[in-house]
Structure formats: C-alpha cells, structure tokens
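Report on the following structure.
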Amino acid sequence: MISKTALMTTVSTLSMLIAPMAHAQSDELIAAANAEGRLTTIALPHSWCGYGDVIAGFKAKYPDIEVNELNPDAGSADELEAIRANVGNTGPQAPDVIDVGLSFGPAATEEGLVQPYKVTTWDSIPDGAKDADGNWYGDYYGVMSFLVNTDLVDNVPTSFADLLKPEYAGSVALAGDPRASNQAILAVMAAGMAQGAEPGEAAAKAGMEYFAEMNKIGNFVPVIGKAGTLAQGTTPIVIEWDYNALSSRDTLQGNPPVEVVVPSDAVLAGVYVQAISAHAPQPNAAKLWMEYLYSDEGQLGWLAGYCHPIRFNDLAKAGSIPQDLLDALPPAASYEAAVFPTLDQVNANSAAVVAEWDSIVGANVQ
C-alpha cells in the first residue's frame, strides 16, 4: 500500500496545477481573512479523514492565519453546545466552523446556530447533500466498519451477528458516546439494520436492543474505542467509520496487526456536513476555510485520509483523482451494498438513540 506521505505528495503536486479561485471576491476574502488572523475549529482530530494534513495544507496556503484547534475529541452535539455557550464571545473558545453528522446540520439551522455561505464549487455538491440556502453542506462520507486487533482476536468477525459470539467477551466498543457522538449513533443504526430493521426509528430500536443484549452477555465494553485502547487490549474490536479504521491501521504500523472489515450484514454510509457558526468571531477566515475544503486540493486531502469527498464523482469525471489515491482505498466491492439513509431517517434514528440509550442499554460509554 502506498504511504500517507506519498499520498500527500501527490495531492500537493496536483494542487500546484489547480488554478486559484478566479472570481473577484476571492482576493477580498483572503485579505479580510488575513486581517482577522485566526480560524477556530473544533472536533477535528488529525487522524480523522486526513484532517492533520488538510489543516497543514490550509496553514501553508494562508500562513497569516493561525488555526486554533478546540477539543479534537468532541462529538457533534458538543460542537453545537460550544456555539451556544459562546454567543457574544469573540475569544479563542468560540468556534468559527463545525463538522458534524448529517442530522446536526438541519438542527443547527433551525436553532439559528449557523449562517449561510455558498462556496465557489457549490454547483458540484450533490443537491441531496446540501441545504438549498447554504446553511450546511456535505463534506465527505464513509461506511461503518470493524477495526480488529488480530493479536488478540483469533477469528476476525465479519458481521454484526458475529459480535454476539461468546469468544468476543469484553472485546467490542463504540468509537464514541451514543448519546452525543454521530459516529456512535449511526453505529447503533447499522446494528439495527443488520437485524433487518428499516433505517430510522425502527433500526434505532433494534440497534439498542442489540447493544443491550451485547452488554448483558458481557461482550460490550463501555469505553470510547480508539487506536490506543485497541492496541492496549482494552477494546480489541472497535465499531467505527472505515476511514478512521484505515487511518488507525496506518498509525499502528503493524503493532499490533489489525484488520478492517466492512460487515456483511449491514453496510451503512454516513455523510458529515460543514457549517459556519452564526456567531463566528472570524467569519471571513471561516469562509476561506470552506473555500479551501471544497477546492480540489481540500477534497483530495480528505480522500488521502480514506474519506470519499462529497465532490468525488465530479473529481472523477474530470480525471482529477490520482490513481494512487484510488488504489489506497478498500476494494470497490465493499461499498456496492452501501445504504445512504435519508435525512429524515438519520434524524429519527438520532432522536431515538439519544433519548433511549440509557433506558434500553444502560451502558455509560465514556
């Protein structure tokens, strides 16, 4: 497999060939963002979706803007709360931008927590993955997977059904708190879909019953699973997005050896969205950040982090994706059965899981 360094070199080389934003606003926007001098992000761990290199790319392109990174391990609900808690605060604790699960975009819009902005490449973002007024827009997607420590797990599970087997006692964890983390909330829906339930509230209920059973038999570990906990043996199996699992595989470098599995009984695709805080202390820097993320360079940065960027089809049609980036992804067959739930289904699942996890499952994940 090609190294991440080589992948980013490819992205950097390609970015030199990409023409800068040509419309009149761009120079003015850059000047206004430079005058602000800071961009405050939140909940962007560097291992997630290649964000470490994406942030580095933004810094290199706009060296006069300091990137202030808040709480990399926060969940989507925490990001909205950070906006609420800092209304009127122009200091470094107020986020300018957020990256949240699909259901949190419309919720933030309804509450007036975000402001509209349409990036230059707006038309190449699929209509079904953006708010018509520009309040939020999809950025990337992946599918739910298992990251497995094969030093500790002899038989690698290939389905959600497998995870209930006695041999996985004290082994299975979620990669977030299902009462706040979009990743964990959708892992519950994936588990419910594996039981035959339709995406939405039905899958949420079935998924929570599934985790209640897993907790009862002792297979569930109420610890937020990460590469570190997996390597230590605290959480030998972590249910998380494929791009996070693949990034952890690279980080661990064979110590311990791991496998990344897309479960055979439910292939759930999840879209995340970007938005600018309605109370952003640095609104111009926020807009410039969005322009960078939705440029070819920013989109390929996410792809190098194993995420499928929202403009993937547009980039592919234009022949803008280097072959080595495509070769670094799992086989296309893993994604053929992917289910993209509707926004209503995502919202219904989220509401049910957040409200009923404690009463149905009773496991305090932290």
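Any value given below was found using the heavy atoms of this structure, including those in side chains, with hydrogens, waters and symmetry copies removed.
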Check your understanding: Does the side chain of W136 come within less than 4.5 Å of P106's, by heavy atoms?
Key -> yes
Exercise for review: Over all heavy atoms of both residues, which pair between G105 and V273 is shortest? Give the atoms and the distance, please.
Suggested key: CA-CG2, 4.1 Å
Exercise for review: Apply side chain to side chain contact (heavy atoms under 4.5 Å, CB included) to the pair N219 and L163, showing each step before the final yes or no.
Suggested key: CA-CA 8 Å; N219 286 16; L163 297 183; 5.8 Å; no
Exercise for review: Mind jotting down which residue pairs meet the disulfide bond (SG atoms under 2.5 Å apart) criterion with at least one end in residues 90-148? Sequence neighbours excluded, please.
Suggested key: none
Practice item. Please answer: with hydrophobic residues joined when any side-chain heavy atoms are less than 4.5 Å apart, are L164 and F146 in the same cluster? Key: yes
Practice item. Keeping the roles fixed (side chain from N68, backbone from P92), state whether a donor-acceptor pair exists under 3.5 Å. Key: yes
Point to revise | Any donor-acceptor pair under 3.5 Å from D250 side chain to S247 backbone | key: no
**Study point:** Residue pairs involving residues 126-141 (criterion salt bridge (charged side-chain N to carboxylate O under 4.0 Å, His left out); sequence neighbours excluded)
**Key:** D127-K130
Review point. Under 4.5 Å between side-chain heavy atoms, hopping through other hydrophobics if needed: is there a path connecting L268 to F160?
Key: yes
Review point. Can you check whether P45 reaches Y51 side chain to side chain, under 4.5 Å on heavy atoms?
Key: no
Check your understanding: Is there a donor-acceptor pair under 3.5 Å between the side chain of S350 and the backbone N or O of V346?
Key -> no
Point to revise | Under the salt bridge (Lys or Arg N to Asp or Glu O under 4.0 Å) test, residues paired with D73 that sit two or more places apart | key: K226
Practice item. Please step through side chain to side chain contact (heavy atoms under 4.5 Å, CB included) for the pair Y294 and T120, ending with a clear verdict. Key: CA-CA 8 Å; Y294 288 87; T120 307; over 6 Å; no
Study note, to complete from the structure: When rounded to the nearest 0.5 Å, the distance separating CG of L39 from NZ of K287 is 13.5 Å
Check your understanding: Is the closest side-chain heavy-atom distance between I360 and E209 below 4.5 Å?
Key -> yes
Review point. Is the closest side-chain heavy-atom distance between I65 and W289 below 4.5 Å?
Key: no
Point to revise | Side-chain donor/acceptor of K205 to backbone N/O of G200, under 3.5 Å | key: no
Check your understanding: Got a sec: does the CG of N364 have more than 12 other heavy atoms crowding it under 6.0 Å?
Key -> yes
Review point. Looking at CD1 of I239 and CE of M214, how far apart are the two atoms once the value is rounded to the nearest 0.5 Å?
Key: 5.5 Å
Review point. At what distance, to the nearest 0.5 angstrom, does CG of L246 lie from OG of S248?
Key: 9.0 Å
Point to revise | Minimum heavy-atom distance P341-M189, with the two atoms named | key: CG-CE, 3.6 Å
Point to revise | Aromatic contact, Y140 with F312 (centres under 6.0 Å) | key: no
Exercise for review: Start with the C-alpha distance between F220 and V365, add both sets of side-chain angles, then the distance that settles side chain to side chain contact (heavy atoms under 4.5 Å, CB included), and finish with yes or no.
Suggested key: CA-CA 10 Å; F220 187 62; V365 179; 3.8 Å; yes
Exercise for review: Would you sort out whether D96 and Q282 count as a side chain to side chain donor-acceptor pair (under 3.5 Å), showing the intermediate values?
Suggested key: CA-CA 6 Å; D96 292 308; Q282 290 86 217; 2.6 Å; yes
Check your understanding: Is there a side-chain contact between L293 and V54 (heavy atoms, below 4.5 Å)?
Key -> yes
**Study point:** Ring centres under 6.0 angstrom apart (Y137, W122)
**Key:** yes
Exercise for review: Can you tell me which residue pairs pass the ring-ring contact (aromatic ring centres under 6.0 Å, His included) test with a partner in residues 346-366, sequence neighbours excluded?
Suggested key: F211-W357
Exercise for review: Give me the ring orientation class for Y62 and Y292: parallel if the planes are under 30° apart, tilted from 30 to 60°, perpendicular past 60°.
Suggested key: perpendicular
Point to revise | Where at least one partner belongs to residues 180-189, residue pairs that pass side-chain hydrogen bond (donor to acceptor under 3.5 Å, both in side chains), sequence neighbours excluded | key: N182-Y272, Q183-N244
Practice item. Would you mind reporting whether D296 and R311 have side-chain heavy atoms less than 4.5 Å apart? Key: yes
Study note, to complete from the structure: Shortest non-hydrogen pair, M208 vs A352, comes out as CE-O, 3.6 Å
Exercise for review: Using the rule that two of Ile, Leu, Val, Met, Phe, Trp, Tyr join whenever any of their side-chain heavy atoms come within less than 4.5 Å, decide whether V156 and M144 are in one cluster.
Suggested key: yes
Exercise for review: Would you check if there is a donor-acceptor pair between the side chains of T229 and T234 at a distance under 3.5 Å?
Suggested key: no
Check your understanding: So, for D242 and G142, which heavy atoms are closest and what is the spacing to 0.1 Å?
Key -> OD1-CA, 3.3 Å
Check your understanding: Between I185 and V223, is there a shared hydrophobic cluster once you connect ILVMFWY residues whose side-chain heavy atoms come closer than 4.5 Å?
Key -> no
Practice item. Rounded to the nearest 0.5 Å, what's the gap from OG on S103 to CG on L186? Could you check? Key: 7.0 Å
**Study point:** Distance-minimising heavy-atom pair for G138 and V271
**Key:** CA-CG1, 4.1 Å
Check your understanding: Going by an N to O cut-off under 4.0 Å, is there a salt bridge joining D162 and K165?
Key -> yes
Review point. So, Y141 versus W241, ring centres under 6.0 angstrom or not?
Key: no
Review point. Are there more than 12 heavy atoms of other residues, nucleotides or ligands under 6.0 Å from atom CD of Q323?
Key: yes
Review point. How far does CG of N349 sit from CD of E198, to the nearest 0.5 angstrom?
Key: 13.0 Å
**Study point:** S145 side chain vs E240 backbone, donor-acceptor pair below 3.5 Å
**Key:** yes
Point to revise | Shortest non-hydrogen contact between S159 and S264, atoms and distance | key: CB-OG, 3.6 Å
**Study point:** Derivation and outcome, side chain to side chain contact (heavy atoms under 4.5 Å, CB included), residues N71 and Q93
**Key:** CA-CA 10 Å; N71 195 3; Q93 293 306 308; over 6 Å; no
Check your understanding: Does the side chain of I310 come within less than 4.5 Å of P126's, by heavy atoms?
Key -> yes
Check your understanding: Are Y117 and E291 linked by a side-chain donor-acceptor pair shorter than 3.5 Å?
Key -> yes
Practice item. Applying side chain to side chain contact (heavy atoms under 4.5 Å, CB included), name anything that partners A180, two or more places apart in sequence or on another chain. Key: A77
Review point. So how far is it from N347 CG to L102 CG, rounded to the nearest 0.5 Å?
Key: 7.0 Å
Check your understanding: Between Q195 and Y210, is there a donor-acceptor pair closer than 3.5 Å when you use the side chain of the first and the backbone of the second?
Key -> no
Practice item. May I ask you to test the N149-Q232 pair for a side-chain heavy-atom distance under 4.5 Å? Key: no
**Study point:** Hydrophobic cluster membership, V258 vs L152, 4.5 Å side-chain cutoff
**Key:** no
Review point. Does S171 reach the main-chain N or O of A169 with its side chain, forming a donor-acceptor pair under 3.5 Å?
Key: yes
